[in-house]
Amino acid sequence: MPPEGGFFGGYMKKLFILILIVVSLLSISINANSKDTNETIDNYLSNFSSEDLLDIQKNAGNNFDDWFFLSILRSKKEIDYNLYKGMLRNYIIDSYREKGNLSNNLITEWHRLIMLSSSVGLDPRAIVLNDENYNLLIDGIYNTKNNNLLEKQGINSYVFALIALDSFGFKEIDNNDYHSRKSLIENIISFELDGGGFAYSKTEADIDMTALVIQALSEYYNSLYVYNVYNRIQEKTIETNVKDVIDRALVIISTSQKNDGDFESYEISNVESTAQVLISLTSLGIDIDNDSRFIKNNNTVYDGIIKYQNSDGTFRRNDYSNKISGYQAFMGLVAYDRWLNNMRSIYDLKPEMNNNLKEEINSLITDIDNSNYLSISELKQLLERYKILPGVERNYVYNFYKLYNSLIINNIEVAIEEEYSNDFLFEDQESIVSDDEIKEISVLSSSKKINDYYKMIYFQEKIRSSNVEDDLKDKLNENIMFIKEEKKNIIYINNLIKEYLIQENEELKEEIITAYNNLSKDSKQYINDYEEVDLNNILNSRNLIICGLLILSIGIAFAFVFRIIKRKRNS
């Protein structure tokens, strides 16, 4: 007897149920991946207390901590970053004031701080504090061409310069003496090894550098531009587009993957290299759970990272927990989690796309995947939809080349005007400052204690765009400037004392005493071993405290002895 509704109706009903089951299973699989990623990330972050994260914010400008904080900002963790933003602003301004630049040795300092500034809403083209204003894009990227500043650090600096330039879609400056996206890409390509891949200082492809190059070039994967570049490694002129460079690099990565899903660098398997690969694959929209090129022995790149996680959530290198390994593993996991949640790649710091744009990109990807049997007019319509997208967003159409190949097979000319910059704005939204916070700010505005420095920086940044009175802002700023000078003087005096203790010198002694006397009362407590220099100054605050305690102890001792003698007499 046929099922209810007839044979066809029953069959369709069963088929529909089967489809629902398959979709549910796929959904469970995707959600499981997302859940596992969240658990892994949370497990790692559980090792950092609120105080730890505050210390990292206080350390703004430190290479490794900066990258970790960028990962936190790109994760789902909500964090008040006003302290970091303020410390970063002050770090940049102070570095320029004291050294004239951010670093005397590493041009990549500019690139890291361009990205960190952008991630917290500071425009790196205008880092402003008091009357000082610095443009990190000019000094760290554009105006490095004539003096070969990028060349000094090799391929690494070209890679990070391009990543930084694209991180917020910054516009280039039309000047032949300045670097452009084209010149940066050409320099990167010029380091490609024969057979594909890249290395920092050797002739064999290195996984870390190859992955970094993919991250830098990923935005140009859909580009049709053909570069004619003299390759400094192969010592010949090569003609190539970015897609072919990346595809050759992907072959190197695929063939280098280990059975556990991980990778090695300099013959040592490690989580850092594996994390860099994961970041590079997510930047291209590659599905690591289903792309057979990056699955070995049923292990994915994600499995290759988890292999190195300890039970407490930390990550190890060799057999020991390692801070840097943890930072890089965390960044890889955040990059993967962002891809799972259809968000911008980890170094794409532009404002998130609106839902309409996301839906159109996802719809276009789906339609391209199903374009095998489309007519020529329908293929042209897909191309027009692609062209309408903002230039800086087209790289998220990960399967564009499938459409391109279909168009070429059908003898359809493809010409696309490429654009990789846009006028995204850094908007300072007005901060909401509570009455209790204003009271605290009022107290801080009359304080010159070093211990209050970080609170001052936090509120200096928080009230920058607020309706707090300018007079209060000015007082807070004056106190910060005063404490900065005091901190420099403390370091200077402590160094002089160290020098004096090694070799006593009367002139040095006088210099120390004069500098010490010019410090505020609060600052003097941070001077070490001053009593070893000024032996005659028995009335300094430190000695007064010691003398007071000594007198009190003697008094208590006398009272105790007197009491015992009195008891004996009475008995």
Backbone N/O of [Y] and side chain of [X]: donor-acceptor pair under 3.5 Å:
X: D80; Y: N82; value: yes
X: Q153; Y: I107; value: yes
X: T210; Y: I207; value: no
X: K473; Y: I463; value: yes
X: N43; Y: E39; value: no
X: N494; Y: N528; value: yes
X: S273; Y: N270; value: no
X: N341; Y: D337; value: yes
X: H111; Y: I163; value: no
X: S447; Y: L444; value: no

**For E219, salt bridge (charged side-chain N to carboxylate O under 4.0 Å, His left out) partners two or more places apart** =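 Not a single residue meets the salt bridge (charged side-chain N to carboxylate O under 4.0 Å, His left out) criterion with E219.
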
**Message:** Going by salt bridge (charged side-chain N to carboxylate O under 4.0 Å, His left out), name the residues that satisfy it together with K475, two or more places apart in sequence or in a different chain.
**Reply:**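 Partners of K475 by the salt bridge (charged side-chain N to carboxylate O under 4.0 Å, His left out) criterion, ordered by chain and then number, come out as D471.
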
For the residue pair [X] and [Y], confirm or rule out a side-chain donor-acceptor distance under 3.5 Å.
X: S466; Y: S431; value: no
X: T314; Y: D312; value: yes
X: N130; Y: N477; value: yes

Basic-acidic side-chain contact under 4.0 Å: [X], [Y]:
X: K484; Y: D94; result: yes
X: R97; Y: E132; result: yes
X: D522; Y: K449; result: no
X: R338; Y: E352; result: yes
X: E486; Y: K448; result: no

**Asked** Taking the six-membered ring for Trp, is the centroid-to-centroid distance between Y308 and F315 below 6.0 Å?
**Response**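 No, ring centres 6.0 Å or more apart.
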
**Prompt:** Is the centre of the Y96 ring less than 6.0 Å from the centre of the Y134 ring?
**Reply:**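 Yes.
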
**Request:** State which residues pass side-chain contact (heavy atoms from CB on, under 4.5 Å) with L501; sequence neighbours excluded, sorted by chain then number.
**Result:**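 For L501, the residues satisfying side-chain contact (heavy atoms from CB on, under 4.5 Å) (neighbours in sequence not counted) are I497, D529, E532.
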
Can you confirm whether more than 12 heavy atoms, excluding those of [X], are under 6.0 Å from its [atom1] atom?
X: D435; atom1: CG; result: no
X: E469; atom1: CD; result: no
X: E78; atom1: CD; result: no
X: K99; atom1: NZ; result: yes
X: Q503; atom1: CD; result: no
X: N104; atom1: CG; result: yes
X: K171; atom1: NZ; result: yes
X: N451; atom1: CG; result: no

**Asked** Can a cation-pi geometry be assigned to K524 and Y516, taking NZ or CZ under 6.0 Å from the six-membered ring centre and within 45° of the ring axis?
**Response**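 Here K524 passes the 6.0 Å and 45° test against Y516.
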
**Prompt:** Is it true that the NZ or CZ of K58 lies under 6.0 Å from the centre of Y454's six-membered ring and within 45 degrees of the ring axis?
**Reply:**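 Yes, K58 sits over the ring of Y454.
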
To the nearest 0.5 Å, what is the distance between [atom1] ([X]) and [atom2] ([Y])?
X: N59; Y: D66; atom1: CG; atom2: CG; value: 8.0 Å
X: D123; Y: F424; atom1: CG; atom2: CZ; value: 13.5 Å
X: R125; Y: S117; atom1: CZ; atom2: OG; value: 11.5 Å
X: K350; Y: S421; atom1: NZ; atom2: OG; value: 10.0 Å
X: Y526; Y: S520; atom1: OH; atom2: OG; value: 9.0 Å
X: K323; Y: Q328; atom1: NZ; atom2: CD; value: 12.5 Å

**Message:** Classify the ring geometry of H179 against Y158: parallel below 30°, tilted from 30° to 60°, perpendicular beyond 60°.
**Reply:**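 Taking Y158 first and then H179, their aromatic rings stand perpendicular (interplane angle over 60°).
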
**Request:** If the plane angle is over 60° it's perpendicular, under 30° parallel, otherwise tilted; pick one for Y178 and Y142.
**Result:**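 Aromatic pair Y178/Y142 classed parallel.
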
**Asked** After noting the C-alpha distance and the side-chain angles of R89 and E461, does the key distance pass the salt bridge (Lys or Arg N to Asp or Glu O under 4.0 Å) rule?
**Response** CA-CA 9 Å; R89 186 195 298 271; E461 197 60 46; 2.7 Å; yes

**Request:** Search all heavy atoms of N395 against all heavy atoms of S218 and return the closest pair with its distance.
**Result:**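 Of all heavy-atom pairs spanning N395 and S218, the closest is CB-O, 4.2 Å.
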
**Item:** Closest non-hydrogen atom pair, I155 against A199
**Value:**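 Residues I155 and A199, closest heavy atoms: CG2-O, 3.9 Å.
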
**Item:** ring pair (Phe, Tyr, Trp, His ring centres under 6.0 Å) assessment of Y327 paired with F64
**Value:** CA-CA 8 Å; Y327 281 4; F64 293 112; 7.6 Å; no

For the residue pair [X] and [Y], establish whether any side-chain heavy-atom pair is separated by less than 4.5 Å.
X: L184; Y: L165; value: yes
X: Y347; Y: S167; value: no
X: R112; Y: F160; value: no

**Request:** Determine, stepwise, if the pair R181 / D166 fulfils salt bridge (Lys or Arg N to Asp or Glu O under 4.0 Å).
**Result:** CA-CA 9 Å; R181 286 175 168 84; D166 286 331; 2.7 Å; yes

**Request:** Start with the C-alpha gap between F191 and F198, add the side-chain angles, then the distance that decides, and say whether ring pair (Phe, Tyr, Trp, His ring centres under 6.0 Å) holds.
**Result:** CA-CA 7 Å; F191 285 93; F198 295 82; 8.0 Å; no

